[in-house]
Participant: 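Let me begin by handing over the structure; questions about it come next.
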Amino acid sequence: METIKKLLSDILNIEFVQAVLSNPRKKEGILKVKVRPIEKKGNLFFQLESFTKTQAFHENLDPISARDRLLEYMEEFRQMQASTVHMNYTVLVSKKGKVTIQKKASKGSVRPVELSHNRSKKYILEEGIPVPFLQDLGVMTKDGKIVHSRFDKFRQINRFLEFIEDILPKLEKDREITILDFGCGKSYLTFAMYYYLHVLKEYDIRIIGLDLKSDVIHHCNELSRKYGYDKLEFLVGDIADYEGVREVDMVVTLHACDTATDFALAKAVGWNAKVILSVPCCQHELNGQMQREGAGYDKLAPILDYGLLKERFAALLTDGLRAKYLEQSGYETQVLEFIDMEHTPKNILLRAVKTNQAKQGSESQVWECRKFLGIDPMLGVLLDKGTES
């Protein structure tokens, strides 16, 4: 590993662009690692984003710590692709541990990475390229520059599109794809989905945005007509009552409050949606259900006796159970970080992809948890009703 150590020592500097570790020796645990440079308080750091089947983890490390951490990872991986401003590197590790390093000069001129304001990241919607809906929504100026006060929104939109980019192989290109966005609100992300999938990726898609605010829906429909987005429409309606379609390929629900998320997830499962993307919000239901008569209350008293801790515990429990319910409904489910905690505490995203195979153990785990705490989550109630009907 000395040759890899020397390479990392040489490239983890201001000219570093990115790296990806892949081809793990084991099919469990960490399956991929992405590395990119960032700036914190004027100093160079490297963000390591590691992925399991269901989770993503982030570490921000100084150059020496990043080198050592990557060396640890390379004990478990067979390949690393790394690039700097001037060179591209491929590191291969054989089954017997033999290391081969190939390098090639970067083609064309590559600009040094800009670290300020975390702008080193290459975004799907790039700054400098005018996008009409971003301009009308106040995120971008007429010449394509990002409005400084809206840069967090710009990052959020691009982060969301990254989640969609990962599931593109699940969406067929030879027919119309139907997407429902429950609780679309001002529809920043709805417009972004249509622009990315239809304009950039050339998918034949139909997107329906649903929200209770008639004035917001009216404005979104005006913008959709203005851009010529023929298959993007917005409707006034409630998640629980919507029956406008029979089959849906992808369901999106962002910040639907409390059990509205459960109704959206249950609808998605009932439609046999291939992909579900959900950012839950205001998870109050289980907080009210966890009473002292619950069998497990006393054992968790250090958390449940304190209102703030109980509220946060209930929110995490709600989303964990939602993920398990989706798994037992035949979805491979990940709990991912949507955006940084510093921007909003509502930063958990559930991404579920249909596999038609229920994950073993999910049903019993849900049952034991419910019994332990004396709770009855809404999503379970709705899915049970769907099975009976």
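Along the sequence shown, residues are numbered consecutively beginning with 1. Heavy atoms only: backbone and side chains are in, while hydrogens, waters and symmetry mates are out.
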Participant: Please name all residues satisfying side chain to side chain contact (heavy atoms under 4.5 Å, CB included) with Leu235, sequence neighbours left out, ordered by chain then number.
Facilitator: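 Leu235 satisfies side chain to side chain contact (heavy atoms under 4.5 Å, CB included) with Ile208, Leu210, Glu233, Tyr242 only.
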
Participant: Can you confirm whether the side chains of Glu285 and Thr259 place a donor and an acceptor under 3.5 Å from each other?
Facilitator: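 No, no side-chain donor-acceptor pair sits under 3.5 Å.
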
Participant: How far apart are the closest heavy atoms of Val251 and Trp271, and which atoms are they?
Facilitator: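 Closest approach of Val251 to Trp271: CG2-CE3, 4.1 Å.
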
Participant: Take the angle between the ring planes of Phe191 and Phe234 and call it parallel below 30°, perpendicular above 60°, tilted in between.
Facilitator: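 Correct class here is tilted.
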
Participant: Which residues pass the salt bridge (charged side-chain N to carboxylate O under 4.0 Å, His left out) test with Asp238, sequence neighbours left out?
Facilitator: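 Counting only residues at least two positions away or on another chain, Asp238 forms no salt bridge (charged side-chain N to carboxylate O under 4.0 Å, His left out).
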
Participant: Side chains of Asp319 and Gln283: donor-acceptor distance under 3.5 Å anywhere?
Facilitator: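 Yes - a donor-acceptor pair under 3.5 Å links their side chains.
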
Participant: Would you say the rings of Phe163 and Phe160 are close, in the sense that their centroids are separated by under 6.0 Å?
Facilitator: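 Not under 6.0 Å, so no.
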
Participant: Sequence neighbours excluded, which residues qualify as side chain to side chain donor-acceptor pair (under 3.5 Å) partners of Ser22?
Facilitator: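 Side chain to side chain donor-acceptor pair (under 3.5 Å) check on Ser22 returns nothing, list empty.
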
Participant: Using the side chain to side chain donor-acceptor pair (under 3.5 Å) rule, collect all pairs that involve residues 184-199, keeping only residues at least two apart or in two chains.
Facilitator: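 Passing the test, one end in residues 184-199: Arg150-Tyr188, Asp181-Thr190.
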
Participant: Side-chain donor-acceptor pairs under 3.5 Å in residues 26-35, sequence neighbours left out?
Facilitator:
none

Participant: Measuring from Leu382:CG to Tyr325:OH, what's the distance to the nearest 0.5 Å?
Facilitator: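 Reported value, rounded in 0.5 Å steps: 10.0 Å.
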
Participant: Is a side-chain donor-acceptor pair under 3.5 Å present for Asp136 with Tyr227?
Facilitator: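 Yes, a side-chain donor-acceptor pair sits under 3.5 Å.
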
Participant: Checking side chain to side chain contact (heavy atoms under 4.5 Å, CB included) for the pair Glu337/Phe57: CA distance, chi angles, key distance, verdict?
Facilitator: CA-CA 8 Å; Glu337 183 181 70; Phe57 304 93; over 6 Å; no

Participant: Kindly indicate, with the supporting measurements, whether the criterion side chain to side chain donor-acceptor pair (under 3.5 Å) is fulfilled by Arg36 and Gln18.
Facilitator: CA-CA 5 Å; Arg36 69 181 182 95; Gln18 65 178 2; over 6 Å; no

Participant: Mind checking what makes salt bridge (charged side-chain N to carboxylate O under 4.0 Å, His left out) contact with Arg67, not counting sequence neighbours?
Facilitator: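 Applying salt bridge (charged side-chain N to carboxylate O under 4.0 Å, His left out) to Arg67 gives none.
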
